[in-house]
Amino acid sequence: MSTDEPNESRDFIRAIVTEDIASGTNGGQVATRFPPHPNGALHIGHAKAITLNFSIAEEFGGTCNLRFDDTNPGAEEQEHVDAIIEDVKWLGFDWGDRLHFTSDYFESLYAMATRLIEKGLAFVDDQDAQQMRANQGGLTEPGTNSPFRERNVEENLDLFSRMRAGEFDEGSRVLRAKIDMASPVLTLRDPIMYRIQKTRHHRTGDTWPIYPLYDFAHGQSDAIEEITHSLCSIEFVGHRPLYDWFVDALGFEKKPRQIEFSRLNLTYTVLSKRNLKRLVDGGHVSGWDDPRMPTLRGLRRRGYTPEAIREFCAGIGLTKRDNTIELARLEHSIRQDRNVRAARVMGVLRPLKVVIDNFPEGEVDELDAINSPEDASMGSRKVPFSREIYIERDDFMEDPPKKFFRLGPGREVRLRYAYFITCTDVVKDADGEIVELHCTYDPETRGGDAPDGRKVKGTLHWVSIAHAVPAEVRLYNALFTVEQPGALEEGEDFIDHLNPDSLEVVENAQLEPSMAGASPGHSYQFERIGYFCVDPDSAADRLVVNRTVTLRDTWAKLAKKEKK
RNA sequence: UGGGGCGUAGCCAAAUGGUAAGGCAGCGGCCUUUGGAGCCGCCAUUUGUAGGUUCGAGUCCUACCGCCCCAGCCA
């Protein structure tokens with residue numbers, strides 16, 4: 001393969017970075033950062049930003065910092081910092097020693113604010129929030145200047161230092177940039193730089209009674225860290241003029257460039273922190289790590305791997321358009337990953353007892369089963385077969401339709417890795433419910449092939465009753481019944497569209513004995529059913545397993561179509 | 001009715017004036033000891049609409065239409 005691929009298509013950001021390197025901007029350096037606000041759990045949308053920033057740094061021989069944007073105490077907690085660090089690491093990215101906090105720059109930012117006051121570019125405003133709102137104008141109306149806008153430098157300096165000293169009450173004064181109250185760009189109408197907030201900060205404690213706002217902190221933090229490309233989501237487009245204004249006004253030599261990209265939307269879920277919080281607080285899910293949540297913790301517990309999530313993020317593209325990725329695309333990423341890497345195992349979700357009448361009582365046959373048809377190096381294991389086994393209830397029909405290839409009265413099927421069996425009798429209880437099947441097996445077909453060359457259409461998974469390991473299996477489905485619960489009509493509440501069947505608990509599944517003692521986090525394919533992983537709720541005597549995703553099921557699709 | 005961003009298939013997305021990639025989903029078929037996986041094939045005479053420039057337009061120009069963002073002392 002050639003090393004350079006000039007025709008390889010890149011996204012618009014990589015194109016910009018490539019140009020900047022070629023033109024020698026920033027000395028050809030590339031430095032990015034992922035700047036989370038530590039007030040909640042990271043979700044799949046953040047994964048897009050994380051993957052982008054770290055990947056670009058890696059691809060262009062640059063660096064990527066992890067910086068916590070902790071300018072709003074109260075909303076921020078140390079536990080979120082710890083959780084975010086854990087999640088980014090889990091995703092597989094490394095920021096080396098470049099872990100930063102905007103709060104580390106509070107002293108520098110204060111000095112910068114002072115400098116702007118001295119240059120006549122900032123002033124202390126005594127208006128309260130209501131007055132400011134009344135004077136800010138509207139979308140089509142210019143705002144009006146604050147009556148305090150023309151205070152002299154000395155007075156501003158004095159007032160600002162007393163704000164810092166804690167002399168004033170919250171809300172009584174703010175520091176504002178002096179730009180243009182008539183600007184059609186709302187963010188340029190004398191934006192607030194500092195507010196008084198007497199809240200303990202998770203890192204600086206009670207040393208600051210004033211805190212900078214995002215707009216006065218982000219660009220400078222980028223500049224301090226010599227970030228070259230500051231990548232953020234599209235809703236910050238309108239903040240770019242202000243970002244540049246502060247960086248210019250403060251005279252930074254190396255100017256970071258803000259570039260915006262569209263954020264991720266996913267069908268059948270919500271991705272705003274506010275909505276996710278409602279799901280948790282309202283008890284609609286078990287917590288931030290509920291396997292139905294689109295949080296990284298939820299996805300991890302569900303059985304998603306970092307590789308699958310990274311593939312997803314890299315594969316969905318990068319533009320400035322509004323977009324909604326189908327859940328199927330996410331599922332594709334984990335199926336792809338698990339198909340190649342997950343060990344196969346047999347598990348029966350809804351057991352139906354089968355007695356092999358001609359198999360000797362008390363005898364156990366140890367059969368060879370490969371651990372993966374995709375990877376011979378994963379080896380094989382022994383699976384015990386005996387006279388009484390369980391098969392899946394769905395794998396038997398008393399009156400099977402034409403395209404049903406599984407077991408039925410008088411039909412012959414293969415038990416995976418074992419024998420061909422033929423159904424000879426159906427036992428029902430008083431209610432007509434099928435409680436047990438009787439079959440005969442063909443000893444000549446041991447391993448699953450008939451020496452006479454006869455074929456069977458169906459292959460069933462099974463578990464020996466005497467050897468089975470019971471388990472609780474949690475089957476997950478889409479959290480919502482509508483594609484875009486986050487974008488409903490006025491007056492509609494996304495909570496009303498929760499899927500009542502998003503979690504289905506199967507109490508008494510039966511797994512093959514090799515699953516005994518499987519540890520949390522381990523993931524398997526239950527042949528013919530789907531990918532499952534062991535949940536941390538498991539105890540020594542009680543296995544709990546989560547369904548990550550089903551296998552593609554063409555029979556289910558067919559059956560559904562016939563029904564219509 | 002201000003400013004900004006964005007319109008390519010069901011969902012993503014490439015194509016940087018040279019004749020609409022690719023993926024997901026879907027639909028056929030082959031293969032199969034997972035109805036899995038894999039493999040093969042089909043799936044935009046046309047890029048929001050209408051004009052214009054050009055030998056040639058998704059790309060350039062004009063007008064219109066639609067969607068999204070901005071009026072927190074949140075980020």
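Note on naming: letters A, B, ... go to the chains in the order of the sequence lines (proteins, then strands), and numbering restarts at 1 for each one.
- Within 4.0 Å (heavy atoms only), A:Thr71 reaches sugar-phosphate atoms of the nucleic acid but no base atom.
- Comparing the C1' positions of B:rA50 and B:rG7 gives an interatomic distance of 16 Å, to the nearest angstrom.
- Taking the ring centroids of A:Phe420 and A:Tyr441, they lie at or beyond the 6.0 Å cut-off.
- Counting distance only, with no hydrogens placed and no angle test, the side-chain atoms of A:Gln336 and the base atoms of B:rG23 include no donor-acceptor pair under 3.5 Å.
- Nucleotides B:rA25 and B:rC12, compared at atom C1', are 11 Å apart to the nearest Å.
- Taking atom CG of A:Leu558 as the reference point, atom P of B:rG36 lies 11 Å away to the nearest angstrom.
- When the C1' atom is compared between B:rU54 and B:rC70, the two are found 40 Å apart, to the nearest whole Å.
- Nucleic acid contact class of A:Asp215 (heavy atoms, under 4.0 Å, all strands): none.
- Of the candidate nucleotides B:rG36, B:rG2, B:rC69, B:rG36 has the atom nearest to the side chain of A:Asn339.
- Spacing between B:rG51 and B:rA44 at atom P, rounded to whole Å, works out to 24 Å.
- Under the 6.0 Å cut-off for aromatic ring centres, A:Phe405 and A:Trp555 do not qualify, their centroids lying 6.0 Å or more apart.
- Across all strands shown, A:Val237 has heavy atoms under 4.0 Å from sugar-phosphate atoms exclusively, and none from any base.
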Next on the checklist: Using side chain to side chain donor-acceptor pair (under 3.5 Å), reason through A:Thr422 and A:Arg411 one step at a time and then give a plain yes or no.
Outcome noted: CA-CA 5 Å; A:Thr422 302; A:Arg411 286 190 176 211; over 6 Å; no
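- A ring-centre distance under 6.0 Å is not found for A:Phe261 and A:Phe236.
- Separating the C1' atom of B:rU47 from that of B:rG17 is a span of 15 Å, rounded to the nearest Å.
- Within the structure, a side-chain polar atom (N or O) of A:Thr554 is placed less than 4.0 Å from OP1 or OP2 of B:rG36.
- Between A:Phe312 and A:His332, the distance from one ring center to the other does not fall under 6.0 angstrom.
- On the P atoms, B:rG18 is 24 Å away from B:rG23, given to the nearest whole Å.
- Residue A:Arg321 places no side-chain N or O under 4.0 Å from the OP1 or OP2 atom of B:rC68.
- The gap from the C1' atom of B:rG28 to that of B:rC43 amounts to 11 Å, rounded to the nearest Å.
- Remark: ring of A:Trp555 overlaps the six-membered base ring of B:rG35 in a stacked fashion, centroids less than 5.5 Å apart, planes less than 30° apart.
- Interface remark: the A:Arg406 side chain does form a donor-acceptor pair with the B:rG35 base, using a distance-only criterion of under 3.5 Å.
- For the P atoms, the distance linking B:rA75 with B:rU16 amounts to 41 Å, nearest Å.
- Going from atom CD of A:Glu527 over to atom P of B:rA37 covers 13 Å, rounded to whole Å.
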Checklist entry - Given the rule that a pair is Watson-Crick or G-U wobble with both distances under 3.5 Å, how would you write RNA chain B in dot-bracket, using | for pairs to a different strand? => result .((((((..(((.....[...))).(((((.......))))).....(((((..]....))))))))))).....
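- Side-chain atoms of A:Asp169 do not come within 3.5 Å of backbone N or O of A:Ser172 as any donor-acceptor pair.
- Sequence order on RNA chain B of the closest nucleotides to A:Ala129 and A:Arg552 puts A:Arg552 first from the 5' end.
- Checking the phosphate oxygens (OP1, OP2) of B:rC24, a side-chain nitrogen or oxygen of A:His332 falls inside 4.0 Å.
- Nearest-nucleotide mapping onto RNA chain B: of A:Leu415 and A:Lys557, the residue sitting toward the 5' end is A:Lys557.
- In this structure, A:Phe494 and A:Phe480 have tilted ring planes: the angle between them lies in the 30° to 60° band.
- A:Asp449 comes within contact range of at least one nucleobase, with a heavy-atom separation under 4.0 Å.
- Separating the NE2 atom of A:His239 from the C1' atom of B:rG5 is a distance of 13 Å, rounded to the nearest angstrom.
- Below the 3.5 angstrom threshold, one finds a donor paired with an acceptor across the side chain of A:Glu326 and the base of B:rG10.
- Residue-level contact check: A:Arg329 touches the backbone only, with heavy atoms under 4.0 Å from sugar-phosphate atoms and none from bases.
- B:rG41 adopts an anti glycosidic conformation, its chi angle falling more than 90° from 0.
- Applying the 4.0 Å criterion to OP1 and OP2 of B:rC12, one finds that A:Thr319 has every side-chain N and O outside that range.
- At whole-Å resolution of the value, CG in A:Asn323 and C1' in B:rU8 are 14 Å apart.
- Phosphate contact (OP1/OP2 of B:rA75, side-chain N/O of A:Arg195, threshold under 4.0 Å): present.
- In this structure, A:Tyr214 has its ring center closer than 6.0 angstrom to the ring center of A:His218.
- Taking the six-membered ring where the residue is Trp, A:Phe106 and A:His201 present perpendicular rings, their angle passing 60° and hence far from 30°.
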